[in-house]
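Following: one structure in structure tokens, then a few remarks.
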Amino acid sequence: MQEAMKIFDKVKPRNFPKNTWQWHIQDPASQLLTWNKPPKSVLVIKKVRDASLLQPFKDLCVFLTEQKNMIVYVEKKVLEDPAIVNDENFGPVKKKFCTFREDFDDISNQIDFIICLGGDGTLLYASSLFQDSVPPVMAFHLGSLGFLTPFSFDNFQNQVTQVIEGNAALVLRSRLKVKVHKEHREKKNLVQNGVEENGLIVNQQEKEYGKQTKYQVLNEVVVDRGPSSYLSNVDVFLDGHLITTVQGDGVIVSTPTGSTAYAAAAGASMIHPNVPAIMITPICPHSLSFRPIVVPAGVELKIMLSPDARNTAWVSFDGRKRQEVCHGDSISITTSCYPVPSICFRDPVNDWFDSLAECLHWNVRKKQNHFTGDEEEEY
């Protein structure tokens with residue numbers, strides 16, 4: 001006990017009495033965008049196959065290249081839109097772009113900040129492009145819902161200028177670091193003494209551990225029963241201990257940002273992005289007592305098929321990369337050390353409540369009439 005007190009003495013403020021502890025809670029409004037040097041490059045992400053975004057995209061790119069002298073990165077498939085290919089007036093601007101292809105080109109060290117044009121899906125897509133550190137993201141509401149896109153495009157020149165000059169607040173949206181480990185079932189019957197039927201020597205590590213893929217997830221990991229008519233039957237472990245078995249349509253593991261997405265539809269609480277937490281939400285559980293729970297950020301969750309599961313399960317990451325989960329496969333989930341710095345329109349708290357009111361109509365109800373003098377006397 002004395003040794004423990006010595007350790008705590010080193011970390012507590014010196015001007016406080018020995019048995020008094022102070023817990024410093026950071027004000028969310030204190031998270032501000034600060035550039036070490038003026039930004040020079042910007043990635044513009046546009047929702048593909050949306051004709052209504054063509055003109056805003058062109059206006060923004062002209063502004064960035066000609067007035068702000070910035071290097072603009074654009075995904076190659078965006079420029080393959082016939083409306084852009086056939087626009088001769090936009091040709092000189094298009095020649096200045098740097099292009100890339102998803103899953104082929106690494107641009108993680110070349111981008112200073114990101115501008116998204118579209119709905120919430122554009123921000124999720126931007127997150128998926130960066131598996132490590134993510135540049136600050138400015139998201140314009142040009143889609144359907146817009147819970148994660150606080151900026152209106154009407155006055156984009158002034159708003160982009162403010163961001164370039166560093167006059168903006170940030171909210172750090174935590175992500176989930178996910179590892180999917182799959183057994184090498186295909187090679188089990190083909191491998192004999194470390195050699196395949198075709199004569200190739202099998203890598204020992206690959207033979208034992210199979211395939212492992214990693215993902216950075218901003219909203220949620222969803223494990224569900226897929227096309228099967230049976231209940232999903234998956235075990236959920238927390239830091240190596242079995243905490244429950246999910247029997248139902250599936251389970252959602254989400255970030256606070258994802259708490260207003262699929263998890264909200266499944267009955268979870270909505271949690272502000274600044275709260276360090278991971279949510280576990282069952283999907284249509286076959287149990288009257290299975291309520292959604294919140295666990296601390298940083299714990300490690302592991303999801304596997306139960307040994308007696310009748311069917312396989314399916315997993316998706318922010319609605320993408322959907323794949324089958326078989327017996328022996330595992331999904332490890334913990335909080336990532338690479339959040340998404342999302343630029344605020346005002347500040348993290350006001351932006352969040354504005355989105356709850358405007359997008360989800362949170363607590364919308366016709367107001368109760370007040371009593372008149374005569375009615376009050378009757379009661």
Side-chain angles (χ1 to χ4, degrees), residues 39-108 110-131 134-164 168 173 216 218-219 257 318-321 340-343 345 355 359:
K40 295 294 183 183
S41 60
V42 56
L43 168 62
V44 178
I45 294 179
K46 168 191 167 294
K47 185 178 178 182
V48 182
R49 296 184 297 275
D50 190 336
S52 67
L53 297 180
L54 287 173
Q55 196 57 49
F57 170 75
K58 294 176 183 178
D59 293 342
L60 175 64
C61 292
V62 169
F63 173 75
L64 292 171
T65 55
E66 296 184 358
Q67 296 191 35
K68 295 300 179 180
N69 297 316
M70 300 200 72
I71 302 171
V72 176
Y73 284 78
V74 178
E75 195 168 7
K76 191 172 182 180
K77 64 183 179 182
V78 170
L79 300 182
E80 294 172 352
D81 190 317
I84 294 178
V85 173
N86 299 326
D87 189 344
E88 297 180 358
N89 295 328
F90 193 63
V93 177
K94 188 173 63 175
K95 290 179 180 179
K96 299 178 183 179
F97 292 161
C98 295
T99 60
F100 72 97
R101 295 173 298 166
E102 183 187 11
D103 297 330
F104 286 94
D105 303 315
D106 183 12
I107 58 171
S108 56
Q110 303 173 42
I111 305 299
D112 290 327
F113 75 105
I114 304 168
I115 296 179
C116 295
L117 303 178
D120 293 344
T122 56
L123 183 60
L124 297 175
Y125 179 66
S127 169
S128 71
L129 295 175
F130 296 86
Q131 294 301 299
V134 185
V137 183
M138 182 181 193
F140 285 95
H141 180 198
L142 291 167
S144 54
L145 185 61
F147 195 93
L148 307 178
T149 54
F151 288 92
S152 170
F153 197 74
D154 296 337
N155 189 25
F156 77 90
Q157 297 94 334
N158 181 58
Q159 293 172 334
V160 172
T161 300
Q162 292 292 316
V163 169
I164 293 174
R173 299 185 179 276
Q216 293 283 335
L218 179 57
N219 259 1
T257 294
D318 284 341
R320 309 179 76 219
K321 309 290 185 181
V340 174
S342 185
I343 299 172
F345 177 67
S355 293
C359 301

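Index from 1, following the sequence. Nothing here was measured: the structure is a model prediction, and the numbers come from that model. Worth knowing before you read on, the calculation uses all heavy atoms, side chains too, and leaves out hydrogens, waters and symmetry mates.
Between F156 and F63, the ring center distance clears the sub-6.0 Å criterion.
The side-chain heavy atoms of F97 and V44, taken from C-beta on, include no pair separated by under 4.5 Å. The side-chain heavy atoms of L54 and I84, taken from C-beta on, include a pair separated by under 4.5 Å. At least one side-chain heavy atom of L43 sits less than 4.5 Å from a side-chain heavy atom of L129. Inter-residue side-chain proximity for Q159 and M138 is flagged as met; some heavy-atom pair is nearer than 4.5 Å. Using a 4.5 Å heavy-atom threshold, the side chains of V160 and K68 count as separate. For the pair R173/L148, a side-chain contact is recorded, criterion being any heavy-atom separation below 4.5 Å from C-beta on.
Residue D105 holds its CG atom at 7.5 Å from OG1 of T99, rounded to the nearest 0.5 Å. With values rounded to the nearest 0.5 angstrom, E102 atom CD is found 9.5 Å from F104 atom CZ. The CG atom of L142 sits 8.0 Å away from the OG atom of S152 when rounded to the nearest 0.5 Å. Here the CG-OG1 distance, from D318 to T257, works out to 10.0 Å after rounding to the nearest 0.5 Å. Distance check, rounded to the nearest 0.5 Å: CG of L53 to CG of L117 gives 6.5 Å. Residue H141 holds its NE2 atom at 10.0 Å from OG1 of T122, rounded to the nearest 0.5 Å.
The heavy-atom pair separating P56 from F153 by the smallest distance is O-CZ, 3.3 Å. Of all the heavy atoms in R49 and K46, the pair that sits closest is N-NZ, 4.3 Å. Scanning both residues, D112 and K40, for their nearest heavy atoms gives OD2-N, 2.6 Å. In plain terms, the two heavy atoms of V78 and F57 that are nearest each other are CG1-CZ, 4.0 Å. Of all non-hydrogen atoms in Q131 and Q216, the two that sit nearest each other are OE1-N, 3.1 Å. When all heavy atoms are compared, the tightest approach of T149 to D120 is N-OD1, 3.8 Å.
Residue K96 qualifies as enclosed at atom NZ: its count of foreign heavy atoms under 6.0 Å is above 12.
Of the residues V137, L64, I45, the one that meets the side-chain contact (heavy atoms from CB on, under 4.5 Å) test with I115 is L64. A side chain to side chain donor-acceptor pair (under 3.5 Å) with Y125 holds for exactly one of R320, E75, K47; it is E75.
Between the side chain of Q110 and the backbone N or O of D106, at least one donor-acceptor pair lies under 3.5 Å. A donor-acceptor contact shorter than 3.5 Å is absent between the side chain of D87 and the backbone of A83. Proximity of a side-chain donor or acceptor of T65 to a complementary backbone N or O of V93 within less than 3.5 Å is not detected. Here the side chain of Q55 pairs no donor or acceptor atom with the backbone of S52 at under 3.5 angstrom. A donor-acceptor distance shorter than 3.5 angstrom exists from the side chain of S355 to the backbone of F147, with no hydrogens or angles considered.
Using bins of under 30°, 30° to 60° and over 60° for the plane-to-plane angle, the ring pair F140/F151 lands in the tilted bin.
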V134/S127 under side chain to side chain contact (heavy atoms under 4.5 Å, CB included): CA gap, chis, key distance, verdict: CA-CA 7 Å; V134 185; S127 169; 5.5 Å; no
From CA spacing to verdict: side chain to side chain contact (heavy atoms under 4.5 Å, CB included), V340, F130: CA-CA 9 Å; V340 174; F130 296 86; over 6 Å; no
